[in-house]
Amino acid sequence: MAASPSIVPVAVTAAVVPVLSASSDFSNLREIKKQLLLIAGLTRERGLLHSSKWSAELAFSLPALPLAELQPPPPITEEDAQDMDAYTLAKAYFDVKEYDRAAHFLHGCNSKKAYFLYMYSRYLSGEKKKDDETVDSLGPLEKGQVKNEALRELRVELSKKHQARELDGFGLYLYGVVLRKLDLVKEAIDVFVEATHVLPLHWGAWLELCNLITDKEMLKFLSLPDTWMKEFFLAHIYTELQLIEEALQKYQNLIDVGFSKSSYIVSQIAVAYHNIRDIDKALSIFNELRKQDPYRIENMDTFSNLLYVRSMKSELSYLAHNLCEIDKYRVETCCVIGNYYSLRSQHEKAALYFQRALKLNPRYLGAWTLMGHEYMEMKNTSAAIQAYRHAIEVNKRDYRAWYGLGQTYEILKMPFYCLYYYRRAHQLRPNDSRMLVALGECYEKLNQLVEAKKCYWRAYAVGDVEKMALVKLAKLHEQLTESEQAAQCYIKYIQDIYSCGEIVEHLEESTAFRYLAQYYFKCKLWDEASTCAQKCCAFNDTREEGKALLRQILQLRNQGETPSTEMPAPFFLPASLSANNTPTRRVSPLNLSSVTP
Amino acid sequence: MASVHESLYFNPMMTNGVVHANVFGIKDWVTPYKIAVLVLLNEMGRTGEGAVSLMERRRLNQLLLPLLQGPDITLSKLYKLIEESCPQLANSVQIRIKLMAEGELKDMEQFFDDLSDSFSGTEPEVHKTSVVGLFLRHMILAYSKLSFSQVFKLYTALQQYFQNGEKKTVEDADMELTNREEGERKMEKEELDVSIREEEVSCSGPLSQKQAEFFLSQQASLLKNDETKALTPASLQKELNNLLKFNPDFAEAHYLSYLNNLRVQDVFSSTHSLLHYFDRLILTGAESKSNGEEGYGRSLRYAALNLAALHCRFGHYQQAELALQEAIRIAQESNDHVCLQHCLSWLYVLGQKRSDSYVLLEHSVKKAVHFGLPYLASLGIQSLVQQRAFAGKTANKLMDALKDSDLLHWKHSLSELIDISIAQKTAIWRLYGRSTMALQQAQMLLSMNSLESVNAGVQQNNTESFAVALCHLAELHAEQGCFAAASEVLKHLKERFPPNSQHAQLWMLCDQKIQFDRAMNDGKYHLADSLVTGITALNSIEGVYRKAIVLQAQNQMSEAHKLLQKLLIHCQKIRNTEMVISVLLSVAELYWRSSSPTVALPVLLQALALSKEYRLQYLASQTVLNLAFAQLILGIPEQALSLLHMAIEPILADGAVLDKGRAMFLVAKCQVASAASYDPPKKAEALEAAIENLNEAKNYFAKVDCKEQIRDVVYFQARLYHTLGKTQERNRCAMLFRQLHQELPSHGVPLINHL
């Protein structure tokens with residue numbers, strides 16, 4: 001999750017710049033700590049609170065400096081001294097959010113710091129007015145029309161300064177933000193890259209760059225400064241682009257060089273594990289994080305998702321109450337509470353809290369999807385569809401929303417219709433077995449068994465999460481009276497279950513054994529058949545059948561019928577299944593029906 | 001005959017084939033432009049009867065409706081429009097807006113306070129329920145709903161609007177003066193201009209809901225009726241994206257975008273838009289309390305139905321069937337008979353692709369009548385008629401059925417179906433070989449259009465029925481040798497249905513066929529051969545048939561025979577009787593050209609039996625022609641002559657010019673052949689008659705440029721003159737023959753051995 005886009009530029013006086021040029025290696029942690037402390041101060045002076053927070057957090061994770069090494073504050077220049085009074089007054093106004101007033105008193109100031117604060121105040125004032133306008137616009141269709149009026153003027157002024165090369169790192173950052181707000185993405189990227197070159201320590205510029213880069217290719221063509229900040233940036237963008245392996249590698253490196261105490265890195269790693277659905281690891285890291293930083297609210301929504309998936313009611317309840325005490329008007333808090341209610345099946349209340357989260361931040365897309373899920377639980381399909389559509393509008397690549405839409409239509413008994421949505425979801429997550437199983441089920445309902453078989457096989461091949469694909473595939477084969485394949489699937493299924501060694505109750509286990517027993521019985525492989533039948537007896541629903549089969553086998557054996565030796569015995573019991581018999585997870589190209597819009 | 005019914009897709013903005021502008025509640029608000037229009041209305045009310053001349057007042061009234069409905073335009077454009085209708089009013093409007101914009105906020109407030117005065121008094125200037133009255137009241141209501149800050153915002157917007165208008169006029173005025181301005185200022189100005197222009201392009205003003213609805217319904221009806229007049233696909237999509245940016249909940253825009261994507265044959269985007277539309281519709285359907293659960297389920301059914309239509313449109317019949325099954329199941333569950341009816345019609349359309357299923361159709365018609373769905377009912381009747389026509393039902397029954405459905409159309413004024421009905425009649429008459437009747441029906445459809453545009457303002461210009469009728473017209477003209485007229489018609493078709501539009505295939509095929517026929521007549525077989533590929537792409541059966549004909553003409557008999565046999569089996573399987581008979585005729589020709597006329601006879605008799613059974617008169621007379629020729633070759637010219645007497649009448653009445661010529665030529669040949677046994681004076685008389693007939697044949701052939709045939713005729717005439725001893729005429733004919741013979745390559749085929 002990207003940090004809030006509110007802005008954080010800073011102007012650095014020429015004298016400070018040499019200190020700020022960061023080296024590319026991590027050998028001198030003290031130097032890095034010094035730089036971090038310096039930039040935290042600079043950003044704070046310019047009202048760039050998020051960057052300041054980030055730098056301070058990171059600095060905190062490094063060992064403290066002795067008094068002798070502490071850096072004196074940067075010297076005050078002549079210009080700064082001139083503007084000192086105006087700056088002090090304006091900064092006070094700025095801090096109490098009286099932006100226009102701040103800008104008024106800063107008008108005409110020459111020092112870089114004052115100039116930045118002047119421009120930044122004007123920008124924020126425009127943003128604030130825009131938000132106020134939205135409520136009070138002339139008509140509903142004008143909603144998208146409301147603009148930050150100040151942007152164009154700011155752009156003209158900043159571009160003049162930019163051409164004259166009068167902008168420092170913070171100025172460039174602000175210019176980039178203005179360009180991005182005007183949807184001039186290409187220009188914005190160029191300016192941000194320039195900003196990172198001039199002032200690599202400023203995390204805000206890197207973060208903005210993260211939001212603008214949409215794929216790996218774009219990343220390749222950027223010429224970024226070779227500093228240690230770049231590592232943080234790369235790790236962050238890999239997480240954003242779902243390149244989890246690379247991201248984890250980067251973070252591990254950062255921890256190794258000495259940032260092991262940084263809560264930022266720890267939380268990022270937890271999020272990365274969450275994204276690849278390694279739930280246990282993510283949970284343990286989050287628990288660790290909460291111990292270190294008990295009042296942290298960021299990323300706690302992700303944590304609550306994990307708890308939800310594992311149905312850890314008490315932990316989730318504790319987390320929800322805890323966060324509520326810290327700050328109940330945070331998006332993350334609302335999300336956690338929503339998850340909590342959802343787990344307790346109080347879906348109306350859950351939906352309410354997700355709505356509240358959206359009111360606090362309409363672009364918080366996770367909440368739309370979650371709200372859709374809640375409406376689904378409440379059987380309010382139309383509201384669910386609406387919520388999912390909103391989620392898709394905010395982010396077209398939200399596979400959960402597409403999947404949710406598919407589920408909604410499946411509940412409405414429109415299997416053909418929902419194919420489209422599942423396909424979309426599948427396109428976005430080609431290796432997620434859940435979409436494939438859903439697709440397979442739809443095809444099964446439409447009686448397109450060939451397609452369904454492909455889907456199930458593929459779902460198994462990419463690593464089935466719910467372990468259901470094989471059973472479904474086996475049943476399909478059973479339906480098509482392809483008994484050999486069916487038996488093979490059941491064997492693989494049982495193998496899978498035994499090999500992962502989970503004690504989770506698998507309802508289909510008995511079905512598998514029953515089928516196998518009968519299959520071996522038909523093939524006259526008495527030993528195997530009787531073993532399977534014995535297994536059947538372990539389950540309530542198949543006990544009687546198992547016993548009957550055992551009796552039959554005994555009878556036939558006593559009659560002296562020898563097992564036919566001509567019959568090839570291709571399959572063995574799960575216990576005796578040797579390594580050479582393990583199914584190859586061959587991923588065949590999935591070619592679903594001809595039309596895949 | 002193309003299926004006329006494929007063009008019908010269900011459109012939620014349309015009931016019984018008529019697109020309605022969907023009328024919602026007050027969804028309008030005051031903008032500076034609206035204020036300017038209000039000022040105009042106010043001025044019009046204030047100026048008495050005498051001040052503005054009658055002509056000017058009429059022009060102004062005509063101007064009003066587009067102004068009220070259309071999108072916002074700049075002040076200078078508005079001035080210009082008013083100026084064109086009435087200069088003096090434009091002046092006073094300009095002055096009043098200037099006063100208001102340069103004055104104070106209270107001027108605007110006062111203006112709105114005074115507005116409602118127009119309704120008061122014993123004889124109000126504006127009637128409350130008139131178009132203008134409604135607009136005024138909407139505006140007054142919208143204005144009084146504005147909050148304090150909004151009023152001020154509106155006023156500043158008005159000032160901005162006025163200043164922009166002023167700047168434009170000033171700019172125009174001091175065009176010449178600016179030249180001497182210093183570079184600095186000019187550059188700055190340019191910079192500003194650029195950004196303004198950018199803005200103008202990116203958002204040409206957000207449309208209010210009313211304006212947006214008007215825009216959508218206008219474009220939708222244009223797409224349906226006259227695609228060429230609608231915006232181009234790209235620009236329409238741009239507008240729609242713009243619209244959706246400002247209001248993502250405006251579901252109808254998604255539907256229009258679906259239609260727009262259909263135009264460019266984009267499966268992916270159109271599916272996307274369609275499903276998006278229905279997702280959105282489901283939401284609004286649930287919100288409207290009046291429909292409740294009913295409205296919600298309804299949109300689900302139609303969503304599935306539309307998806308089926310979409311897949312059908314793109315030729316994914318299996319997918320379409322699955323979607324249709326789904327729609328049927330949901331509709332059955334909720335007892336929605338109307339939806340089921342729609343499904344049934346579609347089921348027929350889908351079934352048509354595979355095998356004939358007229359039982360379904362009959363059932364559908366009955367049900368549709370029962371549920372009072374005239375549109376579907378007569379659509380069903382039309383499909384049934386088409387299907388029966390192919391199955392060989394008598395014309396009077398079909399025409400009766402069409403007449404009945406016509407009654408229905410006129411009663412419910414379903415103009416679209418009337419067009420289809422006439423187009424269908426044209427096609428049926430042509431199928432039966434009555435070219436005069438076909439011509440008359442086609443002309444009727446074309447002239448009826450002009451009638452209707454005067455009456456209802458609904459100009460159906462661009463529908464499939466027109467394309468079909470025009471294609472028939474072109475072919476009919478080409479048959480009669482009026483190639484100039486035919487190409488004129490085709491040119492018109494090209495204009496009306498640009499090559500990438502939905503019905504363009506119709507005229508493309510027609511065009512190629514005509515060209516092919518001409519090339520064949522001319523003896524330019526290589527040219528014809530090159531056209532075959534194009535024809536095959538549009539219609540594979542037709543293509544194969546034409547290929548066989550070319551092969552035959554180039555004396556590649558065995559290849560042609562193989563092709564024809566394959567085609568024959570295929571056509572018998574799909575029961576394309578028309579083509580079966582044509583193929584049989586070609587096969588027969590093959591036989592007698594390879595000097596085995598006896599084998600040709602049973603084939604010809606089979607063809608004759610078929611064409612009589614299906615009442616395909618045109619093909620029947622062609623068969624008779626062939627039969628007679630076979631008999632001539634077999635040496636029984638008297639028999640042939642009597643057979644010809646039977647066939648000559650319909651050929652001369654309705655046949656193509658080429659056939660007329662061939663018939664006359666054949667008559668002459670038979671006359672000569674049978675005259676062989678006569679005594680000299682009678683023989684001379686018979687030969688004279690033959691020469692007369694040959695002259696006639698020559699005229700016919702000349703009309704369609706059949707040089708080869710003319711050569712044969714001239715040769716034959718020369719011989720006859722020679723027999724009669726008329727040397728002078730003989731020499732003239734011989735010279736003509738020599739000229740033609742030098743022009744044309746000889747294929748070594750015996751001259752006489754040609755029909």
Side-chain angles (χ1 to χ4, degrees), chain A residues 129 132-133 135-147 151-153 155-156 159-160 182-184 380-390 392-394 396 402 405-406 408-409 412-421 423-424 442-443 445-448 451 593-597, chain B residues 27-31 142 146-147 149-150 153-154 157 191-192 195 199 202-203 206-209 211-212 243 245-250 267-272 275-276 278-280 282-283 285-287 296-297 300 303-304 307-308 310-311 314 316 318-319 322-327 329-330 333:
Chain A
K129 277 185 192 142
D132 295 347
E133 286 293 294
V135 192
D136 215 19
S137 59
L138 281 175
L141 283 174
E142 220 187 11
K143 228 185 260 169
Q145 256 284 83
V146 182
K147 280 189 304 219
L151 283 179
R152 263 179 51 202
E153 290 169 32
R155 185 194 159 196
V156 173
S159 76
K160 265 184 208 152
L182 288 168
D183 284 331
L184 301 166
N380 186 353
T381 41
S382 58
I385 290 173
Q386 180 192 12
Y388 287 134
R389 267 292 170 191
H390 271 291
I392 290 168
E393 231 145 65
V394 180
K396 259 190 208 160
W402 285 112
L405 273 175
T408 318
Y409 281 109
L412 292 168
K413 286 190 252 169
M414 298 169 77
F416 181 75
Y417 206 76
C418 69
L419 273 183
Y420 170 80
Y421 298 101
R423 277 197 206 121
R424 289 303 278 245
C442 287
Y443 277 122
K445 274 181 204 150
L446 292 170
N447 223 7
Q448 304 226 313
E451 309 282 336
S593 105
S594 54
V595 197
T596 319
Chain B
K27 304 253 170 93
D28 222 346
W29 64 84
V30 194
T31 62
L146 293 182
S147 70
S149 61
Q150 283 172 331
K153 222 186 136 200
L154 177 65
E191 204 168 282
L192 259 175
S195 48
E199 205 164 301
S202 66
C203 50
L207 301 168
S208 80
Q209 182 138 356
Q211 288 167 331
L243 197 72
K245 201 170 93 195
F246 291 131
N247 188 356
D249 294 333
F250 207 70
V267 201
F268 292 89
S269 322
S270 53
T271 318
H272 185 73
L275 295 189
H276 200 149
F278 276 105
D279 285 347
R280 289 290 181 183
I282 284 161
L283 154 197
E287 268 174 4
Y296 171 43
L300 279 185
L307 196 60
L310 174 106
H311 282 305
F314 284 107
H316 311 147
Q318 201 202 356
Q319 314 268 327
L322 288 172
L324 194 59
Q325 275 168 11
E326 206 156 282
R329 208 195 53 242
I330 311 173
E333 273 168 16

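In what follows, every chain begins at residue 1, and chains take the letters A, B, ... in the order their sequences are listed.
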Do the non-hydrogen side-chain atoms of A:Lys445 and B:Glu326 ever get within less than 4.5 Å of each other? no
Point-to-point distance, once rounded to the nearest 0.5 Å, from CG of B:Leu275 to OH of A:Tyr417: 4.0 Å
Heavy-atom count check: over 12 atoms from other residues, nucleotides or ligands less than 6.0 Å from B:Gln318 CD? no
Hey, does B:Leu322 have a side-chain heavy atom less than 4.5 Å from the side chain of A:Gln448? yes
Would you name the heavy atoms of A:Phe416 and B:Gln319 that are closest together and state the gap between them? CZ-O, 3.4 Å
Of the backbone (N, CA, C, O) and the side chain (C-beta and beyond), which part of A:Leu405 lies under 4.5 Å from a heavy atom of chain B, both, or neither? side chain
Contact part of B:Leu307 toward chain A, heavy-atom cut-off under 4.5 Å: side chain, backbone, both or neither? side chain
Kindly indicate whether the side chain of B:Gln325, heavy atoms from C-beta on, has any atom under 4.5 Å from the side chain of A:Leu446. no
To the nearest 0.5 Å, how far apart are CD1 in A:Ile385 and CG in B:Leu300? 6.5 Å
Which bit of A:Tyr421 is near chain B, if near means a heavy-atom gap under 4.5 Å: side chain, backbone, both or neither? side chain
